Amino acid sequence: QLQLVESGGGLVQPGESLTLSCAASGFISTYAIGWFRQAPGKEREGVSCISRSGRVTNYADSVKGRFTISRDSAKNTVNLQMMSLNPEDTATYYCAAVLRNSGCGFSGMVYWGKGTLVTVSS
């Protein structure tokens, strides 16, 4: 069973940047990976995803142009670079994985991490 561990969360001020990492117990390149977030009192939403090859990425409209998802093969991680953070980005961020030959999406994820908290506040 694949285990995922998120890291990199913390408290930042509006306008600042943060990079989250998702590490896997197996070869993360085997899986399509998604980043999700859940704010207090709100439903979980898909933020970004990346295909096995890394050639396909998708972003929620709310983060397009500010967030970048990428693979780091050397470290066996998938990273989410977040820029121009605002208080609406405050949430627990989760990474998730699914075996998928091509493309990526926000449904059908099988493996989930426990999350890392991002707080954007002045």
Side-chain angles (χ1 to χ4, degrees):
Q1 179 150 348
L2 186 71
Q3 294 182 335
L4 301 172
V5 179
E6 304 92 341
S7 63
L11 172 64
V12 296
Q13 294 188 344
E16 293 186 338
S17 301
L18 205 60
T19 297
L20 306 181
S21 289
C22 175
S25 58
F27 289 109
I28 203 168
S29 58
T30 305
Y31 301 85
I33 301 295
W35 279 98
F36 298 77
R37 66 186 181 186
Q38 186 166 21
K42 295 186 177 181
E43 293 187 356
R44 185 174 62 197
E45 63 173 343
V47 174
S48 182
C49 64
I50 189 166
S51 64
R52 286 180 57 183
S53 67
R55 287 191 288 268
V56 177
T57 58
N58 288 310
Y59 297 91
D61 288 343
S62 59
V63 306
K64 279 181 182 176
R66 299 189 299 122
F67 289 14
T68 302
I69 192 170
S70 63
R71 290 186 176 273
D72 187 331
S73 299
K75 296 182 178 179
N76 197 41
T77 62
V78 170
N79 301 322
L80 184 69
Q81 182 181 21
M82 307 184 295
M83 303 176 64
S84 301
L85 287 163
N86 58 64
E88 289 69 38
D89 296 315
T90 295
T92 298
Y93 284 72
Y94 302 88
C95 67
V98 64
L99 286 171
R100 180 169 174 165
N101 288 331
S102 62
C104 74
F106 298 130
S107 62
M109 292 297 178
V110 176
Y111 306 101
W112 291 83
K114 294 184 178 180
T116 185
L117 178 63
V118 173
T119 304
V120 185
S121 176
S122 55

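Here the structure is a predicted model, which is why all the values come from computation and not from measurement.
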*Looking only at non-hydrogen atoms, find the nearest pair between T57 and G54 and report the distance.*
CG2-O, 4.2 Å
*For side-chain contact (heavy atoms from CB on, under 4.5 Å), just list the numbers for W112 and F36, CA-CA rounded to whole Å, side-chain angles, deciding distance to a tenth of an Å, and then say yes or no.*
CA-CA 10 Å; W112 291 83; F36 298 77; 3.6 Å; yes
*Electrostatic pair E6-K114, nearest N-O below 4.0 angstrom*: no
*OG1 of T90 to CG of L117: how many Å apart, nearest 0.5 Å?*
8.0 Å
*Identify the two heavy atoms, one from S25 and one from Q1, that lie closest to each other, and give their separation to 0.1 Å.*
OG-O, 3.9 Å
*Under a 4.5 Å side-chain heavy-atom rule over Ile, Leu, Val, Met, Phe, Trp and Tyr, are I28 and V98 clustered together?*
yes
_Please list all pairs meeting disulfide bond (SG atoms under 2.5 Å apart) that have one or both residues in residues 38-72, counting only residues at least two apart or in different chains._
C49-C104
*State the CG-CD distance between L11 and E16, to the nearest 0.5 angstrom.*
8.5 Å
*Rounded to the nearest 0.5 Å, what separation is found between the CG atom of N58 and the CZ atom of F106?*
6.0 Å
*Is a donor on one side and an acceptor on the other found under 3.5 Å between the side chain of R55 and the backbone of S102?*
no
_Do V12 and Y93 land in one hydrophobic cluster if side-chain heavy atoms of ILVMFWY residues count as linked below 4.5 Å?_
yes
*Decide yes or no on side-chain contact (heavy atoms from CB on, under 4.5 Å) for L99 and Y31, but give the supporting numbers first.*
CA-CA 5 Å; L99 286 171; Y31 301 85; 3.5 Å; yes
*Can you see which heavy atom on I69 is nearest to which on Y59, and at what distance?*
N-OH, 2.9 Å
*Could you give me the CA-CA distance, side-chain angles and deciding distance for M82 and L18, then say whether side-chain contact (heavy atoms from CB on, under 4.5 Å) is met?*
CA-CA 5 Å; M82 307 184 295; L18 205 60; 3.9 Å; yes
_Please tell me whether V47 and V110 are part of a single hydrophobic cluster in this structure, the criterion being side-chain heavy atoms less than 4.5 Å apart._
yes
*Starting at OG1 of T77, measure out to CD1 of I33 and round the result to the nearest 0.5 Å.*
10.0 Å
*Compare every heavy atom of R52 with every heavy atom of R71, then report the nearest pair and how far apart it is.*
NE-O, 3.3 Å
*asked:* For the SG atom of C22 and the CG atom of N79, what is their distance to the nearest 0.5 Å?
replied: 9.0 Å
*asked:* For S51 and S53: C-alpha separation, side-chain torsions, deciding distance, then whether side chain to side chain donor-acceptor pair (under 3.5 Å) applies.
replied: CA-CA 5 Å; S51 64; S53 67; 3.3 Å; yes
*Within 6.0 Å of CD in Q3, more than 12 heavy atoms from elsewhere*: no
*asked:* Looking at every heavy atom in both A32 and G103, which two are closest together, and how far apart are they?
replied: CB-O, 4.0 Å
_Using every non-hydrogen atom in the two residues, find where W35 and L20 come nearest and quote the distance to one decimal._
CH2-CB, 3.6 Å
_Heavy-atom check, side chain of T116 versus side chain of S7, under 4.5 Å_ = no
*asked:* If the condition is side chain to side chain donor-acceptor pair (under 3.5 Å), which residues does S84 pass it with, not counting sequence neighbours?
replied: none
*Sequence-distant partners of N86, side-chain contact (heavy atoms from CB on, under 4.5 Å), two or more places apart*: R66, E88, D89
*Between N76 and G26, is there a donor-acceptor pair closer than 3.5 Å when you use the side chain of the first and the backbone of the second?*
yes
*Going through the distances and angles, do L80 and S48 end up as a side-chain contact (heavy atoms from CB on, under 4.5 Å)?*
CA-CA 8 Å; L80 184 69; S48 182; 4.0 Å; yes
*Quick one: are R37 and V63 in side-chain contact, heavy atoms under 4.5 Å?*
yes
